[in-house]
Amino acid sequence: MIYTVTFNPSLDYIVSVRDFQLGKTNRTCTEQMLPGGKGINVAIVLHNLGIDVMALGFTAGFTGGEIRRRIREIGFRYDFIELDNGFSRINVKLKDFDGTEINGMGPVISAEAVECLMKKLDLLKDGDMLVLAGSIPESMPDTIYRDIMKRLSGKGIDIVVDATGKLLTKVLEFEPFLIKPNNHELGDIFGVTLTEKAEVIPYAEKLQAMGARNVMVSMAGEGAVLLDETGKVHQLNAPKGRLVNAVGAGDSSVAGFVAGWKERQDYAHAFKMAVSSGSASAFSELLATKEEIMKLYQIM
């Protein structure tokens, strides 16, 4: 069974605005409202690929209720802890300005609520896979992913971590199955600028030496690099296509890797599924369907 954890789910309000102007009233010409957060995005793409998945995390308030309602409509399972105070965040994303967004803070998560999540995670068993993805509310310590991995250590659970900064580096001693920084996040860890595939390899090797079993570095239109735990370096260029919506592309690549690995236990296949899935979502208005992913897989 595959589980995802999203500490800070959101309603993603994705809009297009013609001739956006600061200090003026701007009106949308297209808009979408989707359940969001990295772990939820991963779960959606896994579900689209026919993989059984359970989404865990926290929701609060009227926005939390809408997140749960929309997930029910999509059709995968969830077991969110409902918080008594605050509300799940709304993230506003401007499609016309790639990467421009305003993200909410999210609710305060108490120690009691965290322990409730931990008890759910205690039920995971040998052979399960857990995806820890995304940011955390400011009320949470930056050791939370590490704390989860320490608690589950030795239980035979493969853990994927898609996070940045200290959230990521603090987990490495517990040997995550996969980490997926992009080239900018990898560069930030080591204080360098990385733009070419050849440049990311030695720094990915450093993360592997620090404990990560597999390191996949996404590079948007430049493709991706994977250093697998056997020592092999895999490189793929991104397939050609028109960028429609970059929201969730990185999460889709994580889902593709997990699905590919579960299918064949082959790193080359998992990596190809990752790049196909990330690209398919980037070329689509919504997160990629299985048909869209496999169409790209066949031509790569």
Side-chain angles (χ1 to χ4, degrees), residues 2-10 37-42 55-58 81 89 103 105-122 124 128-194 200-218 224-229 250-251 253-255 257-258:
I2 299 172
Y3 298 82
T4 70
V5 171
T6 310
F7 272 93
N8 215 357
S10 62
K38 294 179 75 65
I40 289 176
N41 290 340
V42 170
L56 305 174
F58 301 90
I81 296 162
R89 60 190 179 145
N103 289 351
M105 295 184 295
V108 173
I109 302 174
S110 67
E112 291 77 14
V114 171
E115 182 58 25
C116 184
L117 173 66
M118 291 294 196
K119 289 178 179 177
K120 292 180 185 292
L121 294 175
D122 286 341
L124 272 62
D128 287 338
M129 180 173 283
L130 175 65
V131 180
L132 303 174
S135 65
I136 59 173
E138 292 184 1
S139 59
M140 301 292 301
D142 62 13
T143 59
I144 186 62
Y145 285 176
R146 179 188 182 278
D147 296 341
I148 290 172
M149 292 195 66
K150 182 178 180 180
R151 183 152 173 162
L152 298 180
S153 181
K155 295 186 66 174
I157 299 164
D158 284 334
I159 299 180
V160 176
V161 180
D162 185 9
T164 60
K166 291 182 179 180
L167 266 180
L168 177 61
T169 57
K170 287 179 182 292
V171 307
L172 296 178
E173 66 177 290
F174 291 101
E175 301 182 350
F177 172 71
L178 175 72
I179 60 173
K180 192 214 70 65
N182 64 36
N183 55 305
H184 304 296
E185 294 161 350
L186 180 61
D188 288 344
I189 290 172
F190 295 103
V192 295
T193 299
L194 305 172
V200 311
I201 293 171
Y203 293 97
E205 288 173 339
K206 290 178 183 290
L207 293 183
Q208 208 169 40
M210 294 165 68
R213 290 166 56 190
N214 300 286
V215 182
M216 182 168 62
V217 183
S218 57
V225 176
L226 170 69
L227 276 68
D228 74 34
E229 62 183 326
D251 311 325
S253 69
V254 170
F257 189 97
V258 168

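The first residue of the sequence shown is numbered 1, and numbering continues consecutively from there.
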CZ on Phe7 to CG on Leu132, rounded to 0.5 Å
7.5 Å
Lys38 vs Val131 side-chain heavy atoms within contact, under 4.5 Å
no
Step-by-step side chain to side chain contact (heavy atoms under 4.5 Å, CB included) determination, Val225 to Asn183
CA-CA 10 Å; Val225 176; Asn183 55 305; over 6 Å; no
Val217 to Ala204 - nearest heavy-atom pair and separation:
CG2-CB, 4.2 Å
CG of Leu152 to CD1 of Ile159: how many Å apart, nearest 0.5 Å?
5.0 Å
Flag the pair Arg146 / Phe174 as yes when at least one side-chain heavy-atom distance between them is below 4.5 Å, and no otherwise.
yes
Do side-chain atoms of Ser110 reach the backbone of Ala113 as a donor and acceptor pair under 3.5 angstrom?
yes
Would you say the side chain of Thr4 lies within less than 4.5 Å of the side chain of Ile40, judging by non-hydrogen atoms?
no
Quick one: does Ile144's side chain get under 4.5 Å of Leu167's, heavy atoms only?
yes
Would you compute the distance between atom CE of Met105 and atom OG of Ser135 and round it to the nearest 0.5 angstrom?
12.5 Å
What are the two closest heavy atoms between Pro107 and Pro137, and how far apart are they?
O-CB, 3.5 Å
Interatomic distance, OG1@Thr143 vs NZ@Lys150, rounded to 0.5 Å, equals 10.0 Å
Expected output: side-chain Thr6 to main-chain Gly57 donor-acceptor under 3.5 Å
no
Quick one, Phe177 and Val258 - any side-chain contact, counting heavy atoms below 4.5 Å?
no
Heavy-atom nearest pair, Val200 first then Leu194, reads CG1-CB, 4.0 Å
Give a yes or no answer on whether the side chain of Ser139 reaches the backbone of Ile109 with a donor-acceptor pair at less than 3.5 Å.
yes
Under 3.5 Å donor-acceptor, Tyr145 side chain and Ala133 backbone
yes
Write down the atom of Asn8, the atom of Ile136, and the distance for their closest heavy-atom approach.
ND2-C, 4.1 Å
I would like to know whether Ile179 and Leu172 meet side chain to side chain contact (heavy atoms under 4.5 Å, CB included); could you show each step before the answer?
CA-CA 9 Å; Ile179 60 173; Leu172 296 178; 4.0 Å; yes
For Val114 and Met140: C-alpha separation, side-chain torsions, deciding distance, then whether side chain to side chain contact (heavy atoms under 4.5 Å, CB included) applies.
CA-CA 9 Å; Val114 171; Met140 301 292 301; 3.6 Å; yes
Residues Ala224 and Ser218: closest non-hydrogen pair is CB-CA, 4.1 Å
Can you find a heavy atom in the side chain of Leu121 that is under 4.5 Å from one in the side chain of Val5?
yes
Please round to the nearest 0.5 Å and tell me the distance separating atom NE2 of His184 and atom OG1 of Thr164.
13.5 Å
In Å and rounded to the nearest 0.5 Å, what is the CG to CE distance from Leu130 to Met149?
8.5 Å
Does any part of the side chain of Glu205, heavy atoms only, come nearer than 4.5 Å to the side chain of Ile201, both counted from C-beta?
yes
Here the pair of heavy atoms bringing Gln208 nearest to Asn214 is NE2-CA, 4.4 Å
Test item: Val160 and Lys180 side chains (from C-beta on) under 4.5 Å apart, heavy atoms
no
Going by salt bridge (Lys or Arg N to Asp or Glu O under 4.0 Å), name the residues that satisfy it together with Glu115, two or more places apart in sequence or in a different chain.
Arg151
